[in-house]
Amino acid sequence: MRVFVLSLTLFVISSLHAAKMLGAMSEAEDFDEQQKNEYAQKAVDKYNAESNDLFKWELDSVDSVNKQIVTGIKVDMEFTMVQTDCTKQAKISHRAWDKFEKVELKGCEEPFQRSKKDRVRKRLAHMVDTEELRKSHRVKRKDIIPWNQFMDFIDEHDKNYSNKREILKKFKIFKTNLKAIKMYQQKEHGTAVYGITQFADLTPAQFKKIYLPYQWEEPIIPNRMANLEAEGVYVEDALPETFDWREHGAVTGVKNQGMCGSCWAFSTTGNVEGQWFLAKKKLVSLSEQELVDCDKLDQGCEGGLPSNAYKEIIRLGGLESEDRYPYDARGESCHVAKPDISVYINDSLELPHDEKQMQSWLVQKGPISIGINATPLQFYRHGITHPWKIFCEPYMLNHGVLIVGYGTEKNKPFWIVKNSWGTQWGEQGYYRIYRGKNVCGIQEMPTSAIVS
Ligand SMILES: *[C@@H]1O[C@H](CO)[C@@H](O)[C@H](O)[C@H]1NC(C)=O
Ligand SMILES: *[C@@H]1O[C@H](CO)[C@@H](O)[C@H](O)[C@H]1NC(C)=O
């Protein structure tokens with residue numbers, strides 16, 4: 001017998017069943033047989049509707065049911081299903097708030113026949129009864145659409161809230177954020193689309209506190225201002241129309257800083273990775289954790305500046321690789337070891353606060369570390385962001401990122417920026433921002449290490 005285990009997350013919305021469930025799902029009680037079967041049947045229906053199997057599966061038995069008592073609405077169950085000889089012709093129509101009512105499966109008029117043993121599968125289903133949730137939280141009917149968006153959000157981002165109160169609190173924040181998203185969208189000058197991201201259950205203040213904890217100021221020891229000519233960077237009018245260091249192998253994969261304000265370390269390693277690649281023809285993914293732990297000029301998860309970090313990399317003798325000194329998203333004791341260091345830098349520079357000159361530097365010298373105002377990025381989905389200035393003041397730098405390229409789309413010039421919030425965010429972890437108007441302070445703090 002082949003046994004498969006997969007997780008299905010089910011959103012069961014059934015006003016017909018709700019009355020029955022309400023009584024049965026009070027926190028102290030368990031399900032009765034009929035309710036177990038109803039839930040398992042929903043899971044089988046979903047499996048049939050979504051799988052590419054030609055033959056229909058039927059529920060054989062419910063093997064175990066566990067519900068999360070804290071919320072009273074999350075159900076984990078294990079069940080066995082068997083494949084019948086009937087072909088299925090699924091007819092499915094979805095409505096955002098009425099998913100399961102509309103699943104119909106046709107083509108199995110014959111009585112149920114148990115078929116060969118190898119067509120038995122055990123399945124695991126994690127189910128959330130959203131109707132039950134909605135009722136138990138007294139969510140008003142006018143809130144049904146945001147509520148269902150919220151349920152999809154929980155599902156998509158695998159959120160684990162510990163109790164009903166937290167769910168309700170998060171829903172309130174989520175609803176307020178939907179209004180903020182609408183406002184960003186209405187005031188957008190670029191082509192950016194704002195929407196629900198993994199940060200949609202945080203108030204802007206909470207988001208700022210966790211991810212943008214640090215107001216960027218002047219570095220403790222200022223960096224030398226680059227003289228582009230002296231650095232051999234020719235500032236020309238005829239720069240390529242588009243340029244992208246990812247196509248030249250100078251950029252590592254998108255990383256994820258987690259719940260730690262270490263963006264500055266990611267911005268720094270991104271730049272050093274590029275500089276090392278260009279000088280030594282080798283791309284090495286570098287350790288942010290070393291900077292979080294060992295950089296004494298900066299504040300680890302509470303923030304920092306690339307300009308300071310370069311100095312500290314020189315003091316520490318270089319950076320270890322990501323593999324040698326892996327990322328933990330929290331401050332630990334410094335354990336850098338000289339023999340494990342992979343790369344060094346010799347110097348660092350502040351680049352001219354001028355997007356045209358930054359463009360020349362980028363093409364000829366590599367990706368640039370920058371500070372930026374990232375406030376609107378909480379809700380960025382894709383496109384070229386160009387927010388209203390009052391939503392993104394250029395002197396309010398609060399986030400470190402890496403410019404890796406530029407281009408133009410629909411007559412809108414843009415920078416391509418590597419972020420450190422994972423690949424799920426933005427355009428596979430990147431975003432594009434309008435180029436040429438110092439949008440969100442993009443030209444306020446460009447810096448680079450020098451490897452010679
Ligand atoms: C929620 O819990 C699951 C299982 O323990 C875990 O894999 C997942 O990362 C958690 N989600 C979040 C957002 O922490
Ligand atoms: C750059 O730094 C490395 C390591 O400290 C050193 O070996 C190298 O000689 C330096 N290069 C120059 C040109 O100073």
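In each ligand, atom 1 is the first atom listed, and ligand 1 is the first ligand listed.
Between Phe266 and Tyr327, the two ring planes are perpendicular [angle over 60°; tilted spans 30° to 60°]. Between Trp57 and Tyr47, the angle of the ring planes goes over 60°, which puts this pair in the perpendicular group of the 30/60° scheme.
Scanning the protein heavy atoms around atom 10 (C) of ligand 2, the nearest turns out to be Asn346 ND2, 2.3 Å.
Aromatic pair Phe199/Trp421: ring centres closer than 6.0 Å. Ring pair His386/Phe414: centre-to-centre distance not below 6.0 Å.
By the definition of a contact as any protein heavy atom under 4.0 Å away, atom 2 (O) of ligand 2 is in contact. Under the 4.0 angstrom criterion, atom 14 (O) of ligand 2 counts as having a protein heavy-atom contact.
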